[in-house]
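Worksheet: one structure, shown below.
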Amino acid sequence: MAEPMPMSPGPGAEDGTPKSPQRVSVNAVTMRDRSHGGMNPHDGVEDGEAPAPGRELKQGVPSFRQNRHPFLIGVSGGTASGKTTVCDRIMQRLHDQCVVMLSQDSFYRTLKPEEMELAKANNYNFDHPDAIDRAELLSCLQRLKEGRTVEIPIYDFAKHARAQETRTMEPADVVIVEGILVLAMEEVREQLNMKIYVDTDDDVRLARRITRDVASRGRDVASVIEQYTRFVKPAFDTFIGPSRRHADIIVPWQNSENVVAIDLITEHIRLKLRQHDLIRIYRNLEVMPSNFQMRGMHTILRDRETSKSDFVFYADRINRLLVEAGLGHLPFMEKVVVTPTGQKYVGVEFARGLCGVSVIRSGEAMEAALRECCQGIKIGKILVHRHGKSEDIVYEKLPSDIDRRYVLLLDPVLGTGNTACKAIQVLLDKGVQESKILFLCIIAAPPGVHKVCQTYPQVKVITSEIDNGIDENWAVVPGVGEFGDRYYC
Ligand SMILES: O=P(O)(O)OC[C@H]1O[C@H](OP(=O)(O)OP(=O)(O)O)[C@H](O)[C@@H]1O
Ligand SMILES: O=c1cc[nH]c(=O)[nH]1
């Protein structure tokens with residue numbers, strides 16, 4: 001670890017506003033050209049050069065399909081809103097994936113004798129969350145999420161009791177759980193990667209409910225309406241309707257099917273299934289798109305034979321891309337300009353009130369990329385001393401008004417996550433809002449991702465690659481070795 005260095009605000013504007021495109025330096029333009037191939041003397045392969053004999057040139061996007069956790073979707077909405085049809089349509093569209101569906105109804109509690117009497121007299125509230133064995137539903141979801149086989153209860157609606165036998169559910173790529181209370185139960189909601197609410201008018205739902213219960217549950221119209229008035233509607237007003245605010249997607253579902261919504265949902269699920277497990281779990285994690293330029297740069301960084309100058313060159317290239325990705329998360333204001341042709345261009349204005357904070361020493365290697373993008377940005381520093389499993393903050397120098405700024409926290413390696421968490425806590429203690437912190441790293445090991453993303457769910461973590469893990473010496477594997485030594489020494 002290097003000696004602490006003073007914070008250097010740099011020339012020009014002090015609010016860290018990203019540079020406008022016309023101010024992008026020559027260096028930046030060359031860098032962009034390099035990333036499109038050909039101009040870079042470090043690349044080794046000139047434009048048009050043939051591959052070495054026996055080595056095949058491949059195209060496409062690298063895949064990360066390994067040790068996958070399923071993608072969990074919750075589908076909720078009032079009684080007879082069309083939840084099951086929405087689930088069926090999603091399953092049909094994802095026919096080439098392994099999709100399983102379970103219903104909240106399977107988890108009705110076994111009734112006590114006095115409750116059974118009420119149920120037989122149509123006087124038991126099956127629409128209340130207490131009617132559900134929430135612990136068992138949660139446990140099943142958690143086991144499915146871990147990729148384990150589960151036994152799902154079978155509920156007999158006529159007897160108001162569980163059957164002796166159960167249904168075995170095997171691990172799947174996608175698990176859909178549907179039910180009126182799925183989004184109303186916080187502990188269930190927390191398990192879900194995608195929350196859908198099926199929105200259907202009350203009168204349409206009541207009409208469907210009467211038709212269904214009379215046709216398939218042996219009920220008469222009067223008793224269905226009575227149950228609706230006594231239990232179903234009050235539970236809807238209290239629990240189900242309000243739970244729609246937790247939904248990621250609200251699907252209007254009236255008399256005809258909403259094909260566009262199903263298309264959008266299934267495309268999103270397909271995108272998620274192509275992504276790494278961690279991205280599916282954490283909304284606050286972003287892994288930059290992996291193309292062969294990125295893989296090529298990483299191959300050079302990870303190669304222990306790489307010279308210091310090449311290591312610095314490619315680390316800087318990735319840092320620049322990381323900074324641009326981070327800046328892309330900042331808010332913006334609409335701005336209209338007039339182009340040289342006299343036409344209006346409706347665009348946006350970059351966010352103000354930004355600063356960088358580098359974790360000494362390796363994080364300082366990312367400062368140049370930030371300065372190239374953001375004119376005169378203030379950059380603070382934090383030094384964390386790692387010893388074994390614990391860390392101490394030994395130095396910090398931060399902008400005095402940091403509590404009013406967005407912070408790009410810079411550290412190329414996320415290992416256990418202990419250093420990052422310490423640094424983030426320093427920022428929070430200084431009054432920075434958690435949602436205004438963006439942590440940028442070149443590589444991230446899963447333990448560090450879990451730790452940071454779980455501890456600080458509003459901090460955005462942006463990385464260019466996810467590694468396999470950390471070894472007994474807390475080194476990221478496969479990793480890049482000691483980043484600071486390779487960059488500076
Ligand atoms: O997630 P963690 O397990 O806490 O590890 C990550 C830390 O390790 C590296 O720094 P290092 O201690 O090697 O210091 P240096 O930057 O001075 O080389 C890296 O730059 C992080 O700060
Ligand atoms: O692998 C590692 C872990 C921590 N710090 C590094 O520079 N590399």
Side-chain angles (χ1 to χ4, degrees), residues 1-8 278 282 284-287 298 301-302 304 306 308 311-312 314-316 318-320 322-323 326 356-370 379-398 407-428 437-457 459-489:
M1 275 175 285
E3 284 299 298
M5 288 168 61
M7 183 177 71
S8 44
L278 292 168
Y282 298 115
N284 54 333
L285 171 67
E286 179 181 318
V287 181
H298 266 278
L301 285 193
R302 287 153 187 285
R304 63 181 177 191
T306 295
K308 181 197 164 199
F311 188 86
V312 169
Y314 287 101
D316 286 349
I318 296 181
N319 284 334
R320 179 69 190 259
L322 274 170
V323 168
V357 171
S358 59
V359 178
I360 300 171
R361 127 191 97 153
S362 297
E364 293 172 295
M366 302 171 80
E367 292 180 4
L370 183 55
I379 300 184
K381 292 175 191 287
I382 293 176
L383 175 60
V384 181
H385 178 52
R386 294 202 299 160
H387 41 94
K389 275 192 168 171
S390 61
E391 301 74 27
D392 300 315
I393 298 290
V394 287
Y395 172 83
E396 61 176 75
K397 182 147 175 65
L398 302 168
V407 179
L408 294 182
L409 182 59
L410 312 173
D411 195 348
V413 179
L414 177 64
T416 60
N418 294 339
T419 307
C421 284
K422 273 271 172 196
I424 290 168
Q425 196 53 53
V426 169
L427 299 177
L428 296 177
I437 301 173
L438 298 106
F439 179 78
L440 310 186
C441 55
I442 295 179
I443 59 172
V449 172
H450 286 299
K451 178 149 186 160
V452 177
C453 290
Q454 267 169 24
T455 316
Y456 303 108
V459 169
K460 189 89 193 168
V461 175
I462 301 168
T463 187
S464 62
E465 272 197 0
I466 304 274
D467 276 45
N468 294 344
I470 40 179
D471 68 12
E472 62 286 1
N473 300 314
W474 295 287
V476 177
V477 284
V480 294
E482 277 296 329
F483 185 96
D485 290 354
R486 296 189 70 191
Y487 194 95
Y488 292 114
C489 301

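Count residues from 1 along the sequence. Quick note: numbers below take in every heavy atom, side chains included, and nothing from hydrogens, waters or symmetry partners. We count ligands from 1, going down the list as the structure has it; atoms in each ligand are counted the same way.
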Side chain proximity check, Ile318 to His298, heavy atoms < 4.5 angstrom: yes
Backbone, side chain, both or neither: what part of Asp411 comes under 4.0 angstrom of ligand 1, heavy atoms only? side chain
Using atom types as modelled, flag every donor-acceptor pair under 3.5 Å from a side chain in residues 443-451 to any protein atom, sequence neighbours excluded.
{"residue": "His450", "atom": "ND1", "partner": "Tyr282", "partner atom": "OH", "Å": "2.7"}
{"residue": "Lys451", "atom": "NZ", "partner": "Asn418", "partner atom": "OD1", "Å": "3.0"}

Going by the order shown, which atoms of ligand 1 are within less than 4.0 Å of some heavy atom of Ser362? 15 (P), 16 (O), 18 (O), 20 (O)
Considering both backbone and side-chain atoms of Leu414, is one of its nitrogen or oxygen atoms within less than 3.5 Å of a nitrogen or oxygen in ligand 1? no
Does a side-chain heavy-atom distance below 4.5 Å link Tyr456 with Gln425? yes
Minimum distance, heavy atoms only, to atom 4 (O) of ligand 1: which one of Ile360, Thr419, Val384, Ile443 is it? Thr419
Is there a side-chain contact between Arg361 and Asp485, using heavy atoms and a 4.5 Å cut-off? yes
Exactly one of Asp411, Thr463, Asn319 should register a side chain to side chain contact (heavy atoms under 4.5 Å, CB included) with Ile442. Which one does? Asn319
Report yes if Trp474 has an N/O atom closer than 3.5 Å to an N/O atom of ligand 1; otherwise report no. no
Considering only heavy atoms from C-beta outward, does the side chain of Arg302 approach that of Asp467 to under 4.5 Å? yes
Quick one: which ligand 1 atoms are inside 4.0 Å of a heavy atom on Thr416? 1 (O), 2 (P), 3 (O), 4 (O)
Is ligand 1 less than 4.0 angstrom away from at least one heavy atom of Gly417? yes
